[in-house]
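In what follows, a single structure is set out as structure tokens and then discussed.
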Amino acid sequence: MINTPTETNLDTVQASPKMAARGVNVYYGDNHAIKDIDLNLYADEVTSLIGPSGCGKSTFLRCLNRMNDTIPICRVSGQILLEDDDIYTSGIDVVQLRARVGMVFQKPNPFPKSIYDNIAYGPRIHGLAAHRTDLDEIVTTSLEKAGLWQEVKDRLDTSGTALSGGQQQRLCIARAIAVNPEVILMDEPCSALDPIATAKIESLIDELSGRYAIIIVTHSMQQAARISRKTAFFHLGEMVEYGDTTEIFTSPKEDRTRDYITGRIG
Amino acid sequence: MTDRSKITTVNSSVPTDWKSDAMQARIGRRYRRERIFRSLGLAAVVISVLFLVFLLGNIVKNGAYGFMQTSVSLDVTFNADLLGDPSVLSAEEFTEKVRKTNMLRLIQASMRDLFPDVKGRRDTRALLRLVSTGARAQLRDMILANPSLVGNTERVELLTSDDIDQVIKGNIDITLAEANRKVKDKELSWLKTLQDDDRISLDFHSQFLTGGDSREPELAGVWGAIVGSALTLMVTLVTAFPIGLFAAVYLEEFAPKNRFTDIIEININNLAAVPSIVFGLLGLAVFLSVMGMPRSAPIVGGLTLALLTLPTVIIASRASIAAVPPSIRDAARGLGASPMQVVFHHVIPLAMPGIMTGTIIGMARALGESAPLLMIGMVAFIVDIPGSINDAATVLPVQIYLWADSPERAFVEKTSAAIMVLLFFLIAMNGVAIWLRQKFEQKW
Amino acid sequence: MAMISFALIRQRSVAVVGGATQQLHSLPRYHGYFAAVRVFIPCIFLFLLWLVGGEAVIENLIISGLPDALKSTNSEQISLVLNRIQLAVQHGEQSTSDANILAAAERYSSLYNKGLWSTFWLTVAIGLTGYYLSKNRTQANFRARNNFEKTMSITLAASSFLAIVVTLGIVASLIFESLRFFQQIPIQDFLFGLHWSPQTALRADQVASAGAFGAIPLFAGTFLISLLAMMVAGPIGLFAAIYLTQYANQRVRAVAKPVLEILAGVPTVVYGFFAALTVAPMLRDAGGAIGVDVASESALAAGLVMGVMIIPFVSSLSDDAITAVPSSLKDGSFALGATKAETISQVLLPAALPGVVGAFLLAISRAIGETMIVVMAAGMRPNLTANPLEAVTTVTVQIVALLTGDQEFDSPKTLSAFALGLALFVITLLLNIAALRMVRKYREAYD
Ligand SMILES: Nc1ncnc2c1ncn2[C@@H]1O[C@H](COP(=O)(O)OP(=O)(O)OP(=O)(O)O)[C@@H](O)[C@H]1O
Ligand SMILES: [Mg+2]
């Protein structure tokens with residue numbers, strides 16, 4: 001019923017995944033939100049998570065950098081590996097983990113600080129820059145990578161909240177990049193944006209895909225098709241199907257996937 | 001790892017080396033700071049809790065004895081020669097005679113039996129001072145209530161003076177050198193004799209709860225202040241509740257949204273934060289000077305406190321009126337009710353629990369308030385229990401203030417006990433408010 | 001009386017239409033309400049008039065009727081005489097032996113009784129008029145409800161207008177009395193003078209002793225104590241709010257919140273007693289133990305206890321400010337790998353800053369206006385010092401000291417209390433306005 005990781009591994013070139021879920025279950029109190037998920041996520045490629053509302057996409061995503069820790073009633077079992085360490089047990093603590101696995105949220109959430117301080121916040125707390133010049137450099141390159149540099153280079157000290165929605169979201173991406181993560185999680189990063197801003201973010205994701213493992217939750221199947229190499233389809237807390245994006249959208253193996261893609265579930 | 005190489009990671013795709021010693025040390029430091037920060041927060045909470053415990057513990061410790069008083073049992077002979085014979089005299093003559101008799105002579109007589117070797121005027125006087133000055137009135141009332149006592153000898157419990165009472169309660173350090181304490185060795189030896197004779201007892205003292213104020217700690221009671229507080233609060237309630245409710249209804253339901261109502265709103269919010277003593281000045285200038293109302297009277301105190309609590313009542317009432325969902329108004333209006341009917345028949349009844357809660361909390365605040373009442377003269381020393389809102393009166397918190405100022409050691413426990421009484425009323429009022437809130441709490 | 005007419009008119013309205021109530025434009029009840037209001041409002045008005053003006057009228061009558069021996073142009077003497085008359089009214093013959101006074105007292109009581117009765121009958125008459133007027137209008141088509149509602153809405157508007165009247169009353173009475181004070185003492189002497197000793201200025205008729213009314217020592221004392229209080233309440237209140245909103249579990253909150261509410265509900269006179277009786281001696285003993293001289297009524301004791309009193313104030317307002325920060329900001333910070341402390345101190349608090357500053361301003365205004373604690377624990381001696389171990393006095397303490405006990409309303413001593421009150425009112429008002437504006441702006445930013 002579920003495509004086992006071994007099956008998919010045969011199709012992929014890479015040998016070891018950047019992150020992997022092994023038999024992951026998540027409960028909110030009595031609510032069994034994620035059921036027994038196995039999934040490999042590879043560096044240098046974009047993976048989309050799709051599925052109807054409430055199927056557990058965000059929940060799964062938040063497991064990957066332990067953002068679920070902030071919800072008291074949330075309980076996670078199974079293994080989630082970052083490279084070869086289980087992030088729920090090994091010596092990696094959340095502070096490091098979240099620096100390595102960055103996250104971008106559905107609604108842009110810039111801090112009410114200057115653009116510069118928004119970007120510099122992460123590097124400062126992690127001590128990534130010894131000097132002011134280093135920090136400047138991190139800010140510049142992060143903004144450049146997020147494709148925002150040209151638009152804000154003259155007003156780095158204005159408030160991050162004064163930017164447009166699309167700019168804010170790119171600022172949040174730049175902020176995540178600035179701590180030099182290995183994986184970037186994105187939870188519907190475009191759902192609060194207009195089509196033009198969405199297009200910009202999409203091309204940005206495309207550019208970044210070579211450098212980071214990107215996992216993106218999206219409700220737009222077109223978007224998933226445009227930007228991701230791999231797609232996982234979730235339904236009612238289960239992962240129904242995982243495979244190459246083109247395959248999922250053209251010839252899904254499961255009925256439920258087909259129903260969802262053709263608009264019969266959801 | 002050098003700093004440089006950390007930076008270059010931004011530009012290259014080399015991951016940050018989180019396992020490096022420098023980074024591990026840094027993370028250790030950050031967690032330490034986290035723990036310190038957290039402990040500071042906890043410390044702040046703990047300090048607050050400890051302070052409250054300390055405050056209340058202190059008051060209860062001091063105040064528990066305030067409800068008790070030491071008395072001495074004496075065998076008093078109701079001498080017919082002194083008091084007159086009720087079987088011979090008419091009722092009025094007897095009363096007159098008893099009133100004119102110095103009851104100290106009865107006490108003196110019974111003391112003489114107990115301490116035959118105490119001679120000399122000064123010692124005799126000192127001996128008499130073991131007994132409270134209130135004992136005279138106590139004996140007189142006994143005789144008038146029961147004239148058949150005359151001619152008999154009865155064992156009577158009389159209050160001791162506050163100093164003796166303090167010795168019994170252990171508040172006067174009798175190990176001090178004699179010159180440094182109020183109670184002298186001679187008095188202590190008499191006290192010892194009385195104790196050995198099992199004549200000294202420490203009992204619950206109901207007069208504290210039923211009596212008026214007095215200069216003598218052992219005779220002072222809080223009833224006058226309680227009645228004063230009740231009268232004052234009654235005036236406050238009768239004034240502040242309807243006005244506050246009406247104002248809230250107007251602002252929430254009828255007021256047009258314009259500059260004027262904006263001003264009223266800002267005004268109310270600011271009024272809520274005006275220091276209470278300023279309301280006292282207002283009361284003094286307007287109620288006393290301009291209107292010529294009586295000083296020290298609950299009516300003035302009540303009106304002043306009403307002005308003080310008005311903002312609280314308005315703000316609470318508005319909040320609970322605003323919480324009534326518009327659907328209820330629409331439904332009522334749909335049935336053809338006029339706006340006034342909608343409000344008075346549907347909205348206010350639904351908002352009532354919240355309004356009452358707010359009002360009770362406002363009243364509790366008024367009950368604890370003393371500063372404005374000092375301004376309008378409710379600090380007078382008043383023995384009588386006030387009978388109406390025009391009589392001179394004092395209130396519980398002001399009584400506490402007055403007693404706290406008294407030099408006698410015995411007033412410390414009286415003050416603490418009065419605080420306990422005040423806190424009891426406050427807790428009761430807040431308890432009712434909480435009960436109301438929980439009983440009628442509605443999630444719309 | 002209003003109730004009676006309510007019942008009567010209600011019945012009448014039913015009677016008019018012969019029991020067929022549906023023919024009435026308004027429900028019978030409303031005819032009743034209308035009548036009751038018609039009766040009640042003029043009556044209450046008249047009664048208030050009597051309360052306010054009655055005594056003054058009688059006093060004037062008495063004074064004009066006094067024999068020449070007692071007549072005097074001096075207003076103080078007149079009030080003295082009046083006092084004696086009042087005493088005689090209350091206590092009868094024991095209080096005085098002056099026949100004139102006794103006669104006047106008799107006249108006073110009889111006038112008073114006459115006045116009372118005439119007010120009463122006038123009230124009854126007006127009430128009856130109101131009753132008949134409404135009775136005549138009790139007809140089937142009379143729009144009693146609309147009329148009643150009009151009266152009601154005027155009452156409602158008047159009630160809320162009263163809030164303004166109170167403020168105006170405060171401002172007017174403070175300014176009026178202060179102006180009288182500043183006629184005698186120049187305002188700059190008051191505001192910038194370094195010496196405060198109003199006790200020397202007793203009565204106008206005494207040897208020219210103006211007293212000194214330099215309020216700087218009072219302002220300084222107030223400032224010192226408020227500063228001490230904020231040094232206690234600021235950090236403790238803020239950290240308590242942080243701990244309770246960000247760290248504490250349900251159980252800790254269930255204990256700590258009520259504790260803070262109780263701290264806020266304890267009357268200030270209790271804090272004052274505690275400061276004077278427990279904290280001050282403790283500090284003195286502690287100071288004695290380490291060889292520091294602490295006054296028995298030190299600014300420190302009052303400041304510390306006042307600080308505890310405003311902890312709940314700071315913490316609950318800061319709590320509101322912190323919880324109003326959208327949780328997405330917190331998530332954003334956590335997602336970057338920040339610790340909780342870093343998130344709180346670098347994201348949450350800066351975002352909540354306007355609200356927190358507003359809370360602090362309100363707390364300062366509270367501290368400045370607080371009276372009982374300082375009256376009981378801070379002392380009376382004007383003292384221009386920055387040393388918290390000494391005794392200082394504050395604006396509120398002096399207001400109380402000036403106005404308790406016997407007062408002469410015209411002396412600069414009494415009037416200076418109003419000038420102090422005005423200063424207090426203006427300062428706290430400015431603080432409140434600034435704080436409310438800040439909090440409001442802050443709320444708008446996140447709504
Ligand atoms: N904080 C929470 N507390 C309790 N239950 C939660 C919480 N967050 C999510 N859930 C539950 O977990 C399940 C999965 O929710 P999740 O947010 O992961 O869905 P989703 O796939 O992201 O939906 P959407 O597409 O609408 O964002 C839902 O049933 C939801 O009710
Ligand atoms: Mg989601």
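Naming convention: chains lettered A, B, ... in sequence-line order (proteins, then strands); numbering from 1 in each chain. Both backbone and side-chain heavy atoms feed into the values below; hydrogens, waters and symmetry mates do not. Since the structure is predicted, the reported quantities are computational estimates derived from the model, not experimental observations.
Evaluation of the side chain to side chain contact (heavy atoms under 4.5 Å, CB included) rule for Ala433(B) yields Thr357(B), Ile360(B), Ile361(B) as partners, not counting sequence neighbours. Residues passing the side chain to side chain contact (heavy atoms under 4.5 Å, CB included) test with Ile434(B), sequence neighbours excluded: Arg437(B), Gln438(B).
Within the 4.5 angstrom heavy-atom criterion, atoms from both the backbone and the side chain of Leu40(B) approach chain C. Both the backbone and the side chain of Ile433(C) have a heavy atom closer than 4.5 Å to some heavy atom of chain B. No part of Val53(B) comes within reach of chain C, as not one of its non-hydrogen atoms sits under 4.5 angstrom from that chain. Heavy-atom distances place both the backbone and the side chain of Ile243(B) under 4.5 Å from chain C. Contacts of Ile399(C) with chain B are made by both backbone and side-chain atoms, with heavy-atom separations under 4.5 Å. Both the backbone and the side chain of Ala273(B) come within contact range of chain C, each with at least one heavy atom under 4.5 Å from a heavy atom of that chain. With a threshold of 4.5 angstrom between heavy atoms, Leu420(C) does not approach chain B through any atom at all. Only the side chain of Ile59(B) comes within contact range of chain C, judged by heavy atoms closer than 4.5 Å. Both the backbone and the side chain of Ile264(B) come within contact range of chain C, each with at least one heavy atom under 4.5 Å from a heavy atom of that chain. If you measure heavy-atom distances from Thr278(C) to chain B, the contacts under 4.5 Å come from the side chain alone. If you measure heavy-atom distances from Leu42(B) to chain C, the contacts under 4.5 Å come from both the backbone and the side chain. For a residue to count as touching a neighbouring chain, one of its non-hydrogen atoms must lie under 4.5 Å from one of that chain's; by this rule Phe254(B) touches chain C with the side chain only. Neither the backbone nor the side chain of Ile368(C) has a heavy atom closer than 4.5 Å to any heavy atom of chain B. For Phe287(B), no part sits under 4.5 Å from any heavy atom of chain C, backbone or side chain. Proximity to chain B (any heavy atom under 4.5 Å) is shown, for Val270(C), by both the backbone and the side chain.
Between Lys257(C) and Asp319(C), at least one side-chain nitrogen of the basic residue sits less than 4.0 Å from a carboxylate oxygen of the acidic one, meeting the salt-bridge criterion.
What you find for Pro372(B) and Phe279(B) is that their closest heavy atoms are CB-C, 4.4 Å. Residues Gly369(C) and Thr396(C) approach most closely at O-CG2, 3.7 Å, considering heavy atoms.
Ranked by heavy-atom pairs under 4.5 Å with chain B, the list Ile242(C), Leu424(C), Thr268(C), Leu263(C) is led by Leu263(C). When each of Val278(B), Leu281(B), Asn430(B) is scored by its heavy-atom pairs under 4.5 Å with chain C, the top score falls to Leu281(B). With chain C as the partner, the residue from Leu55(B), Asn269(B), Leu422(B) showing the most heavy-atom pairs under 4.5 Å is Leu55(B).
Between Tyr271(C) and Phe51(B), the ring planes are parallel. Angles under 30° get that label, and only those over 60° would be called perpendicular.
Checked by atom type and distance alone, the side chain of Thr339(C) pairs as donor or acceptor with a backbone atom of Glu342(C) at under 3.5 Å. Looking at Ser39(B), its side chain does come within 3.5 Å of a backbone N or O of Arg35(B) through a donor-acceptor pair. One N or O on the side chain of Lys340(C) and one on the backbone of Gln246(C) form a donor-acceptor pair closer than 3.5 Å. Judged purely by atom type and a 3.5 angstrom limit, Glu370(C) uses its side chain to pair as donor or acceptor with the backbone of Met372(C).
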